[in-house]
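The structure under discussion appears below in the form of structure tokens.
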Amino acid sequence: MPELPEVETSRRGISPHLIGKKVEQVILRHTQLRWKIPQDLFKHLHNAPLISIDRRAKYLLLNFSSGTLLIHLGMSGSLRICPLNTPHQKHDHVDLIFENTVLRFTDPRRFGAVLWLGLNPESSPLLNKLGPEPLCEDFNGRYLHQAAQKRKLPVKQFIMDQKVVTGVGNIYATEALFTTGINPNRAAGCISQKRYQLLADTIKEILQQAIQQGGTTLKDFVGSDGKPGYFQQTLHIYGKAGQNCPQCQTPLKAVKLAARNSVYCPKCQR
DNA sequence: AAATTCTCCTGAAGGC
DNA sequence: TGCCTTCAGGAGAATT
């Protein structure tokens with residue numbers, strides 16, 4: 001599934017093909033995604049060059065001179081650059097047809113979103129309550145420790161809360177807690193600033209590594225030969241419940257936290 | 001305010 | 001082989 005590094009890789013992959021160009025046509029094949037895609041999308045995009053593409057959390061923000069288009073990949077979404085007139089396949093819900101190239105949005109499970117935010121996107125309800133980006137410097141141990149004061153929920157849920165820090169999904173939360181040796185069940189408010197410092201550093205490191213890896217797959221975002229392969233990063237324990245801990249050989253346990261599967265080592269993670 | 005549960009959807013996996 | 005059931009999961013919305 002697209003995690004933050006995949007979204008960032010998508011951003012870097014599509015940007016050079018689209019910046020400075022205008023949308024000449026919009027094709028909406030299926031508009032019922034997480035939210036309904038506005039039918040009058042083309043009205044906003046018409047004759048307005050794409051100035052830049054930003055990423056906030058796992059949202060892609062396509063900044064046109066007329067306003068900002070938000071794209072969210074959800075669980076199964078992907079973006080691809082195709083030549084004009086590339087035949088569409090099942091789940092290819094949206095085409096933004098630029099001057100000589102097509103940005104195609106594909107999403108089998110339709111948890112994604114395509115929304116028009118207009119000018120002043122920062123004030124949109126989707127963006128204005130988000131916490132800091134995990135890769136910026138105001139995300140650190142001091143911040144986490146402060147934000148966790150008196151919070152009793154499990155730390156895994158805490159770091160997956162978009163108001164606390166953005167873009168840390170199930171995979172990275174699971175892996176970062178393992179690397180840091182923190183039990184995902186531990187109450188957020190009962191963790192020292194020192195351990196939070198380690199956790200914040202670990203999250204940054206894992207995300208940055210994945211983004212670097214993603215660079216090698218950029219070519220996959222161009223072309224019509226299937227969807228881009230999300231890169232397989234090395235996962236230590238995610239999805240490996242029942243197998244032995246790579247550190248101490250103790251069988252890894254699984255718990256459900258907020259309806260999300262969580263794997264941890266009962267010995268290494270306290 | 002904080003915590004928990006619900007919701008959208010499809011494809012993959014498991015059972016018989 | 002095939003049909004049915006179950007489940008995963010991002011994250012906002014609804015509920016407690």
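Chain A is the first sequence line, chain B the second, and so forth, proteins listed ahead of strands; every chain is numbered from 1. Here the structure is a predicted model, which means the values were calculated and not measured.
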- Think A:H72 has a side-chain N or O under 4.0 angstrom from the OP1 or OP2 of C:dG12? no
- Query: Which part of the nucleic acid does A:Y59 contact within heavy-atom distance under 4.0 Å: base, sugar-phosphate only, or nothing?
  - Reply: sugar-phosphate
- Linking I/L/V/M/F/W/Y whenever any side-chain heavy atoms sit under 4.5 Å apart, do A:F178 and A:F158 land together? no
- Query: Can you check the A:I159 CD1 to C:dA11 P distance for me, whole Å?
  - Reply: 13 Å
- Message: With a 4.0 Å limit, can you tell me whether A:Y238 has a side-chain N or O closer than that to the phosphate oxygens OP1/OP2 of C:dA8?
- Response: no
- In whole angstrom, what separates A:L115's CG from C:dG10's P? 19 Å
- Rounded to the nearest Å, what distance is computed from the CG atom of residue A:N261 to the C1' atom of nucleotide C:dT6? 14 Å
- Message: In this structure, how many angstroms lie between the C1' atom of B:dA1 and the NZ atom of A:K129, rounded?
- Response: 14 Å
- Query: Is the backbone of A:H236 close enough, under 3.5 Å, to the side chain of A:E175 for a donor and an acceptor to pair up by distance?
  - Reply: yes
- Task: Could you encode protein contacts along nucleotides 3-9 of chain B as a string, one character per nucleotide from 5' to 3', using B for base contact, S for sugar-phosphate-only contact and - for no contact, with a heavy-atom cut-off of under 4.0 Å?
- Result: S----BB
- Can you list the other members of the hydrophobic cluster that holds A:I51, where links are side-chain heavy atoms under 4.5 angstrom apart? none
- Sugar-phosphate, base or nothing in reach of A:K256, heavy atoms under 4.0 Å: sugar-phosphate
- Do you know which two heavy atoms are closest between A:Q25 and A:I27, and how far apart they sit? NE2-CG1, 4.0 Å
- A:M75 CE to C:dC7 P, straight-line distance once rounded to whole Å: 16 Å
- Judged by atom type as modelled, is there a donor-acceptor pair below 3.5 Å linking the side chain of A:R195 to the main-chain atoms of A:G181? yes
- Task: Decide side chain to side chain contact (heavy atoms under 4.5 Å, CB included) for A:L33 and A:H72; before the verdict, give the C-alpha distance in whole Å, the side-chain angles of both, and the deciding distance to 0.1 Å.
- Result: CA-CA 10 Å; A:L33 304 181; A:H72 182 40; over 6 Å; no
- Could you give the CG-to-C1' distance, from A:L257 to C:dG9, as a whole number of Å? 14 Å
- Task: Could you check how far NZ of A:K58 sits from C1' of C:dG12, rounded to whole Å?
- Result: 13 Å
- Item | Distance, rounded to the nearest Å, where A:Y172 contributes OH and C:dG9 contributes P | 14 Å
- Would you say the side-chain atoms of A:E99 pair up with the backbone N or O of A:E24, donor to acceptor, closer than 3.5 Å? no
